[in-house]
Amino acid sequence: MEQEKHSNNSNVTIHCENEKLSKENVPLELGLTPLNNNIFSPLDYPTNKDKIKSNSVDKDKEEDLGTSVVQRFIPKAFQKYAGILFTLIASLLLSHATLLVKILNGPEYGFHSYTSSFWRYLGVVIPALPLISIIEFKRTTEKRESVFATVWPLALQGTSEKWLTVLGLFVRGVLGASSVILRYYALQYLTIGDTSTITYATPVLVNVMAHFCLGEKTGVVPMLAAIMTFCGVVAMTRPPFLTGEDSFDKSNLIGISLACGSLICSSLIVIITRKIRNVHFSLMTLVFGIIGVVQAFILTQIFHVFQFPTNLYDTIFILALMSLAFFGQMAIILALTCEQAGPVALVRCCDVIFGFTLQFIFLGVIPDSLSAIGGSIVLICVAIIGVRKWLSTLTEDNTQRRRLKFLLI
C-alpha cells in the first residue's frame with residue numbers, strides 16, 4: 001500500500017511540475033478561430049485541481065504531440081517559449097487567411113464568401129483524413145484505445161452517453177461552420193480589423209454564457225468586461241449620435257450583425273466542447289471539416305455562387321487559403337499542448353493587430369477613430385479575461401496572483 005501511494009504521489013508531482021494540458025483531449029475551435037478562426041477558448045482549460053485529477057488517467061491516453069515536435073525542431077534555448085512562438089505563428093497564418101478571403105471576395109476576383117468558406121473547409125478535411133488514419137494506425141499497433149472509442153459503437157437501446165457525444169459533435173460542427181461562414185460574409189461589409197475585433201471577443205462572452213448555461217461562477221470583473229465589450233462593439237457601429245449623421249450606415253450594421261452572429265456561434269462552441277472534451281482532437285477536426293464542406297457547398301448551390309478557380313492567380317490564392325487554414329490550426333494545437341491557454345489567449349489578441357496591419361499594408365485601409373476606440377476597448381477586455389483565467393490557475397501564495405488579485409473579484 002505504501003509503495004502504491006508513493007507511486008501515485010510521484011505521478012501527481014511530476015504532472016504538477018510539468019503544468020501542461022492533457023494532450024489527448026485538447027478541445028479545438030477549428031475555424032476559430034480561429035480559426036475566429038477562433039478555434040479554442042482561453043476559458044476552457046483545466047485548473048490545478050483538474051490537472052491533479054487528470055493524472056489518474058492511464059498513460060496510454062496521453063499523446064504528447066507538442067513536446068515531441070518541440071524537442072525535434074525547436075532549439076533548446078527557445079523551447080521554454082515554444083507555446084508562445086506557435087501562437088504567434090498561428091495568428092500570423094490565420095490573419096493572412098482572412099486577408100486572402102477579403103481579396104477573393106472583392107470585385108477583382110468575385111468569389112462569394114460561401115465559396116471561400118467551401119475551399120477553406122476543404123483545406124481542413126484533406127489533411128485531416130491522413131492525420132486521423134495515422135493516429136488510428138499507431139494506436140492499433142500499440143493496442144491502445146481507438147480514436148473513435150468515444151462515439152462508437154453506439155447503443156441501440158436505452159440512453160447512451162455516446163449518442164449525446166455524437167449529437168454534441170454534430171451541433172459543434174454546424175455551429176463552427178456557421179461561425180466561419182458568417183465571419184467571411186461579414187468581410188463583404190466590414191474591414192478585416194473590425195471583423196477580427198468583434199469575432200475575437202469570444203472569451204468575454206463565453207464567461208457570461210458559462211455562468212447561465214453551465215452554472216459556473218463568474219465575478220464583477222467578467223461582467224464589467226462584457227459590458228465594456230458591448231460598448232466597444234456599439235462604437236464600431238458608428239451610431240448617429242457619435243458621427244453626426246442622420247441614421248446608421250445600413251451596410252455597416254449588416255456587417256456588425258454578421259460578425260456578432262459569428263461571435264455567438266463561437267461562444268456556443270466552447271460551451272459544447274466542455275461537454276465533449278473527451279473526444280480526440282483529430283476526430284473533432286475531421287467532423288468539423290466535413291460538416292463545413294457540406295454546409296458551405298449546400299449554400300453555394302442554393303444561391304448559385306459556387307465557383308472554381310479560373311486562372312493561375314485564383315488557383316494560387318485558393319491553395320494558399322487552404323494551406324494557411326490547415327497549418328494555422330496545427331500551430332494552435334501545438335501551442336495549446338506546450339503552453340497554458342491563458343498566455344495563448346493573450347498572444348492570440350495579436351490577430352486583431354495583424355488584421356489592422358495587413359489591411360493597411362495590402363488594402364490601404366486606415367481605421368477611423370471609432371474603429372480604433374471600439375477595437376481598443378474590446379482588445380483590453382479580452383486581455384483582462386485572459387489574465388484573469390491565468391491567475392486562477394496559480395497557487396494562492398503566488399506573487400503575481402497576489403499582486404493582481406483585484407482581477408479575480
Side-chain angles (χ1 to χ4, degrees), residues 15-16 18-23 25-29 32-34 36 38-54 66 81 83-84 86-88 90-91 199-229 232 263 266-275 277 332-333 335-352 377-409:
H15 189 82
C16 291
N18 288 339
E19 291 190 347
K20 292 180 180 176
L21 298 173
S22 172
K23 311 304 183 302
N25 301 322
V26 173
L28 302 178
E29 289 308 325
L32 306 116
T33 312
N36 283 40
N38 144 0
I39 117 180
F40 174 90
S41 168
L43 304 176
D44 191 20
Y45 65 100
T47 61
N48 286 338
K49 292 180 180 179
D50 294 328
K51 292 176 185 176
I52 294 174
K53 289 179 182 177
S54 66
Y81 309 100
I84 303 301
F86 283 129
T87 307
L88 283 172
S91 293
T199 54
Y200 276 96
T202 303
V204 180
L205 184 58
V206 166
N207 210 323
V208 177
M209 293 179 67
H211 174 67
F212 293 102
C213 298
L214 301 177
E216 296 185 3
K217 292 183 179 180
T218 186
V220 177
V221 171
M223 288 300 180
L224 288 176
I227 294 172
M228 292 304 298
T229 299
L263 169 64
S266 297
S267 302
L268 289 172
I269 287 170
V270 178
I271 302 299
I272 294 174
T273 300
R274 292 184 180 183
K275 295 294 185 181
R277 64 168 68 239
I332 290 178
I333 294 172
L336 291 169
T337 55
C338 297
E339 183 60 80
Q340 291 182 355
V344 170
L346 293 178
V347 178
R348 286 227 56 196
C349 292
C350 292
D351 286 42
V352 179
I377 293 173
V378 174
L379 199 60
I380 291 171
C381 291
V382 172
I384 288 173
I385 295 298
V387 172
R388 186 179 189 273
K389 194 62 184 181
W390 170 62
L391 291 174
S392 68
T393 66
L394 302 177
T395 57
E396 303 231 348
D397 58 347
N398 185 276
T399 305
Q400 292 170 319
R401 175 169 176 148
R402 284 184 296 178
R403 187 178 302 166
L404 300 172
K405 64 180 180 180
F406 64 91
L407 291 178
L408 297 174
I409 299 174

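For Ala201 against Val378, the heavy-atom pair with the smallest separation is CB-CG1, 3.8 Å. Here the shortest heavy-atom pairing between Ala225 and Ile385 reads CB-CD1, 4.0 Å. In plain terms, the two heavy atoms of Leu407 and Arg388 that are nearest each other are O-NE, 2.8 Å. Tyr200 approaches Val382 most closely through the heavy-atom pair O-CG2, 3.5 Å. The nearest pair of heavy atoms linking Ile409 to Phe406 is CG1-O, 3.1 Å.
Within the model, atoms OG of Ser267 and CD1 of Ile272 stand 11.0 Å from one another, a figure rounded to the nearest 0.5 Å. In this structure, CE on Met209 lies 5.5 Å from CD1 on Ile271, to the nearest 0.5 angstrom. The CG atom of Leu404 sits 7.5 Å away from atom CH2 of Trp390, with the distance rounded to the nearest 0.5 Å. Atom-to-atom distance recorded for Leu205:CG and Cys381:SG is 12.5 Å, nearest 0.5 angstrom. The distance from atom CD of Gln400 to atom OG1 of Thr395, rounded to the nearest 0.5 Å, is 10.0 Å. Taking CG of Leu391 as the start and CZ of Arg403 as the end, the distance is 11.0 Å to the nearest 0.5 Å.
Contacts of Thr229 classified as side-chain hydrogen bond (donor to acceptor under 3.5 Å, both in side chains), with partners at least two apart in sequence or in another chain: none.
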Q) Would Val221 and Leu408 count as a side chain to side chain contact (heavy atoms under 4.5 Å, CB included) if you check the C-alpha gap in whole Å, the side-chain angles of each, and the deciding distance to 0.1 Å? A) CA-CA 7 Å; Val221 171; Leu408 297 174; over 6 Å; no
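In terms of modelled atom types and a separation under 3.5 Å, the side chain of Arg401 and the main chain of Glu396 share no donor-acceptor contact. A distance-only check finds no donor-acceptor pair linking the side chain of Ser91 to the backbone of Leu88 [under 3.5 Å].
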